[in-house]
Amino acid sequence: MQRRPADAELPQELVLAIHRILELNPEQHDDPLDVISNDFDPVDVLNQLFPDGVCICISRVYFKTYVVAEASLARLDAVQAKLAQDERDIQAEVGTLQEALKRDQDPGRMQLIQETISDLLGQMSRIREKASESEAVVRNITKDIQALDLAKKNLIRSMTTLKRLQMLVNALTQLEEQVKEKKYAEVAHSLAAVKQLSASFKSYTSVHRIMQVWKRIQQVQGEIRTQLDAEFDSLCVHVIIPKGSCFNSIYPSFLLDLSKPVKTSQIPDACAVVDVLGPDVRTQLIERYVALELKEYRRIFRASDEAGHLDNIARRFAWFRRLLTSYETEIGKVFPAEWRVGWWLFAKFVSITRDDLSSLLSKAGQSLTVKLLLEALQQTTEFETSIEKKWATPVYEILKAASPSAAQAQSMSSAFEPHLGIFVDAQDKALTDMLAPHRGSKARGSIDTTSKPPTTTSTPRASLSAPDEPEPAPIVLPSSTELFYFYAQSLDQCAKLSIGQAFFDLCSVQKKWLKIYAGSPQIQSRKSMDSRFDKTELQQACLLINTADYCQTTAAELEEKIKEKIGEKFKEKVTLQTERDLFMSVVSAAINVQLHELEIGCDGAFNTMSRVNWGAMNHVTGHSAFMDDITQATEQVTELIKPLVEQKKYLRNFFDKASSLLLMRFTNALVKNRPLKEIGAEQVRVVIESHGHPNEVMAQLLIDLGVFKSCLLKLPGEALSTASYTRSLTKVTTRLEALLKVIITPVDPPEGFILNYTLVIGDASFSNFQKILDLKGTPKTEQNSLLDLFLTITSTKTDLESTSFLTSLDMDPPTTLAVGSPATSRIALPLSSTSAAAESMFGALTSPPLSGPPTGSSNDGGSTKGNESGQKREVFSDIRRFVTFGLRRETPPS
């Protein structure tokens with residue numbers, strides 16, 4: 001059977017179109033021959049028609065061969081009959097469709113359909129014409145009715161307008177009479193009616209008669225305003241001006257008889273009239289009254305008089321309190337409560353006082369003291385707070401509601417804002433005095449003074465404890481807690497004064513002194529050549545770790561406190577991350593101090609190890625004696641610092657670095673002691689029962705390495721030991737064991753030695769293999785042949801790596817201490833790299849080697865010259881002085 005070409009497939013759009021025309025649904029047909037699809041497979045159809053047979057398809061390039069078993073031929077006649085019947089049915093259906101198509105395409109029938117459509121369109125046109133004619137007839141019939149409706153509408157509107165005009169004229173006449181008689185209660189109602197009626201005539205002001213009425217209304221309103229001004233002025237004069245005063249000198253336009261009592265009962269009705277006149281009139285009247293009330297205040301508290309000075313600011317507030325009390329008990333009752341005249345009095349008082357304070361503060365200049373500034377500001381804020389409590393409304397809301405413009409809605413305390421730099425400078429000076437004894441070259445430079453017992457000339461600090469009872473050692477430096485306590489007090493005090501620019505400036509000052517606190521001057525380092533560690537140095541390093549951790553933690557809390565109190569526009573600018581990072585660098589430096597002391601304690605033992613003649617050994621007597629010294633020194637140092645460091649994460653960091661440091665020293669001692677002869681290694685084997693080789697012996701160095709590993713595993717203790725620490729330590733010691741195993745392997749036969757190297761080390765590095773030969777002490781003449789053979793063998797082993805742990809092995813290790821850069825740890829403690837660290841009490845805690853240049857420094861002549869001139873930074877120079885900073889404040893001067 002010939003295969004159907006791929007391009008003979010029907011497009012999917014054509015298949016869907018055939019289904020739609022023939023109304024075929026593939027999901028409803030069980031016979032695959034009734035479905036048109038590109039997925040049609042004749043093999044599947046044959047298998048369905050002959051299910052009892054076995055169809056074997058042999059695929060070739062362009063055809064297929066189908067083999068049908070004889071068992072399936074029994075149904076051949078039935079299948080042929082069914083297919084023939086299907087063919088006849090399809091032919092009949094095709095014939096029926098062809099007849100229907102011919103009938104539908106008959107020209108006579110198509111012409112009949114077109115004529116019918118033309119008739120329908122004509123009928124629709126005639127109906128549209130008849131509808132237009134009917135509309136015109138109806139419009140002609142109702143034309144007179146529409147004219148009558150419009151006339152009626154205009155007549156009603158004219159009658160209504162004339163009636164309103166009559167009502168307006170009557171109300172205006174009545175209003176004029178009431179104004180003359182000062183019947184303000186009736187004036188309020190009549191004036192409201194007049195304003196309401198006149199609003200409908202605003203569009204008719206071009207009519208002469210209505211314009212006359214409009215002018216008359218404006219004239220009456222002017223008379224009412226003049227009369228109301230006189231009423232309120234007379235009220236104010238009787239209340240404010242004492243008998244015997246000449247009011248005409250103040251307001252010569254009013255000639256009032258002060259002997260006649262004012263009818264206060266008319267004032268509430270007059271206020272109602274003012275409300276009808278509008279908010280502008282009410283505002284003008286209130287401002288007029290407030291100005292008259294505060295005229296005496298302006299006279300008494302002039303800036304040139306003593307009462308107006310800054311130190312007499314309390315008298316201003318006392319005067320206003322008396323005025324407010326007098327207003328509330330006397331004249332304030334006649335004003336409506338919604339007028340809030342008391343708020344207007346306060347707002348005007350604030351405006352006048354704020355201007356006076358700004359002028360006084362500007363004139364004071366350098367003579368303005370912090371005490372005077374803070375006292376005046378405190379009294380001002382207390383007064384504003386009392387007003388807030390009195391009216392249960394913030395001062396800003398009061399000023400905003402009672403001020404003509406938003407620019408005047410400023411509190412009196414805002415006048416102090418530009419001058420609060422004096423307060424910030426005072427805080428800066430206070431911090432300067434606090435830290436002054438611990439900065440500069442003349443500061444006390446020895447920690448011994450803090451650890452010595454008091455002499456007969458010293459004055460001990462008063463204590464509630466027994467005189468013979470020693471004081472407990474501080475966990476952190478007392479100065480750190482004092483510093484942050486001072487910070488909290490300063491922030492609370494400043495928050496009461498301002499939360500704007502001054503508060504932000506104070507934060508900047510505190511940030512500066514946080515850096516200075518971690519950057520105090522240095523003293524000379526400990527220059528002892530003793531091989532034992534210094535217990536005091538370790539204790540002070542622990543104290544520094546606790547203090548620095550306390551400082552960085554408290555700095556984070558301080559940052560949150562500042563953000564809670566400071567103004568919104570400054571919140572994004574507040575951050576103490578730089579200062580916190582600086583304190584973390586202090587922790588890292590203090591840990592390096594601990595590592596330095598640990599290395600000093602173990603340095604002698606490692607030097608002994610590097611001088612051992614392994615080739616001269618004839619028998620094994622156990623681990624080496626120097627391992628006892630290393631173990632003892634390590635345990636003593638760790639047992640000393642464990643109870644002194646509060647945060648266990650720093651202890652884990654120390655243990656990580658200590659293990660890396662000691663293993664590096666062990667490896668360096670091993671490398672410096674080369675060559676490690678095979679005979680020396682073979683003579684000192686031990687049993688490795690755990691590996692299933694009870695009769696084999698390992699090198700003496702492996703014994704020492706096992707003791708060393710056991711010591712380091714027990715170093716953190718159960719509480720501080722972690723899986724990562726154990727895993728990292730085991731990884732390093734396993735590599736050292738692999739290195740020693742390769743070294744003790746005999747070179748003969750060479751192939752076996754090289755294959756052992758590739759199995760144990762697992763790399764194809766030429767330089768690494770040469771390191772092994774150097775450690776074994778293989779002569780140069782033999783190395784060449786071994787290296788050539790190594791290249792030949794490893795060239796066929798493509799699975800080997802190009803590097804291994806031997807790549808980082810230094811064959812020329814330094815002879816000095818290596819504490820400057822211990823291995824990395826899982827806790828990141830960044831070191832400060834700023835120039836200010838050179839003058840920091842923490843900045844020089846990393847000790848240099850006992851001899852030679854510091855780790856990471858250069859050996860050029862410039863460095864040496866700087867050291868000779870006394871410019872070299874001494875290490876350990878600030879531990880004593882930093883502790884002195886804290887302990888000094890605890891001991892009064894003698």
Side-chain angles (χ1 to χ4, degrees), residues 229 232-233 236 239-240 250-251 279-305 307-328 331-332 335 338-364 368 373 376-420 497-502:
D229 289 342
F232 282 99
D233 287 342
C236 298
V239 173
I240 299 174
I250 303 175
Y251 286 99
D280 294 339
V281 178
R282 181 174 67 183
T283 300
Q284 181 181 359
L285 190 145
I286 293 176
E287 290 180 347
R288 184 186 182 94
Y289 164 74
V290 168
L292 187 60
E293 287 277 20
L294 295 177
K295 188 173 184 65
E296 188 71 9
Y297 172 74
R298 289 179 178 272
R299 185 186 66 82
I300 296 175
F301 295 97
R302 287 195 292 255
S304 58
D305 296 340
H309 290 175
L310 193 61
D311 53 355
N312 289 324
I313 192 172
R315 295 177 59 184
R316 293 175 178 263
F317 302 143
W319 185 94
F320 182 77
R321 287 190 177 96
R322 290 194 300 271
L323 172 66
L324 195 60
T325 302
S326 174
Y327 162 77
E328 292 176 346
I331 197 173
F335 289 108
E338 61 271 12
W339 280 24
R340 300 188 184 277
V341 179
W343 287 21
W344 285 83
L345 278 171
F346 174 72
K348 188 63 176 179
F349 172 78
V350 167
S351 177
I352 297 172
T353 307
R354 184 181 63 250
D355 295 340
D356 291 346
L357 291 177
S358 299
S359 177
L360 290 171
L361 291 171
S362 299
K363 292 179 180 179
L368 182 63
L373 177 70
L377 181 54
Q378 183 177 2
Q379 292 174 0
T380 303
T381 53
E382 289 177 354
F383 172 72
E384 292 176 343
T385 303
S386 65
I387 294 297
E388 289 181 349
K389 293 180 179 179
K390 176 180 178 63
W391 285 319
T393 307
V395 169
Y396 179 77
E397 296 295 334
I398 296 175
L399 298 177
K400 186 177 179 181
S403 298
S405 61
Q408 299 181 2
Q410 298 181 8
S411 63
M412 290 180 291
S413 57
S414 63
F416 294 88
E417 186 76 24
H419 306 277
L420 282 178
L497 308 178
S498 170
I499 58 173
Q501 184 65 44

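Keep in mind that the numbers below use all heavy atoms, side chains included, and drop hydrogens, waters and symmetry copies.
Separating the OG1 atom in Thr393 from the CG atom in Leu399 is a distance of 11.0 Å, to the nearest 0.5 Å.
The side chain to side chain donor-acceptor pair (under 3.5 Å) test applied to Glu397 returns no partner, not counting sequence neighbours. Remark: Trp339 pairs with Asp275 by the side chain to side chain donor-acceptor pair (under 3.5 Å) rule, at least two apart or across chains. Every residue meeting the side chain to side chain donor-acceptor pair (under 3.5 Å) condition with Thr353, not counting sequence neighbours, appears here in chain and number order: Tyr297. By the salt bridge (Lys or Arg N to Asp or Glu O under 4.0 Å) test, Arg340 pairs with no residue at all, sequence neighbours left out.
Between Leu373 and Leu310, every side-chain heavy-atom pair lies at or beyond the 4.5 Å cut-off. Put simply, the side chain of Phe301 does not reach to within 4.5 Å of the side chain of Ile313, judged on heavy atoms.
With Val290 as the fixed residue, the side-chain contact (heavy atoms from CB on, under 4.5 Å) test singles out one of Phe346, Trp344, Phe349: Trp344.
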Residues Arg282, Ile286; criterion side-chain contact (heavy atoms from CB on, under 4.5 Å); working and verdict: CA-CA 6 Å; Arg282 181 174 67 183; Ile286 293 176; 3.8 Å; yes
Table please: side-chain donor-acceptor pairs of residues 382-392 below 3.5 Å, with sequence neighbours left out.
{"unit_1": "Glu382", "atom_1": "OE2", "unit_2": "Gln378", "atom_2": "NE2", "d": "3.3"}
{"unit_1": "Glu384", "atom_1": "OE1", "unit_2": "Ser413", "atom_2": "OG", "d": "3.3"}
{"unit_1": "Glu384", "atom_1": "OE2", "unit_2": "Met412", "atom_2": "N", "d": "2.9"}
{"unit_1": "Glu384", "atom_1": "OE2", "unit_2": "Ser413", "atom_2": "N", "d": "3.2"}
{"unit_1": "Thr385", "atom_1": "OG1", "unit_2": "Thr381", "atom_2": "O", "d": "2.7"}
{"unit_1": "Ser386", "atom_1": "OG", "unit_2": "Phe383", "atom_2": "O", "d": "2.5"}
{"unit_1": "Glu388", "atom_1": "OE2", "unit_2": "Val395", "atom_2": "N", "d": "3.1"}
{"unit_1": "Lys390", "atom_1": "NZ", "unit_2": "Glu328", "atom_2": "OE1", "d": "3.4"}
{"unit_1": "Lys390", "atom_1": "NZ", "unit_2": "Glu328", "atom_2": "OE2", "d": "3.1"}

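Among residues at least two apart or in separate chains, salt bridge (charged side-chain N to carboxylate O under 4.0 Å, His left out) pairs with a member in residues 310-326 are Arg316-Asp356.
Closest of all the heavy-atom pairs between Ala415 and Leu357 is CB-CB, 4.1 Å.
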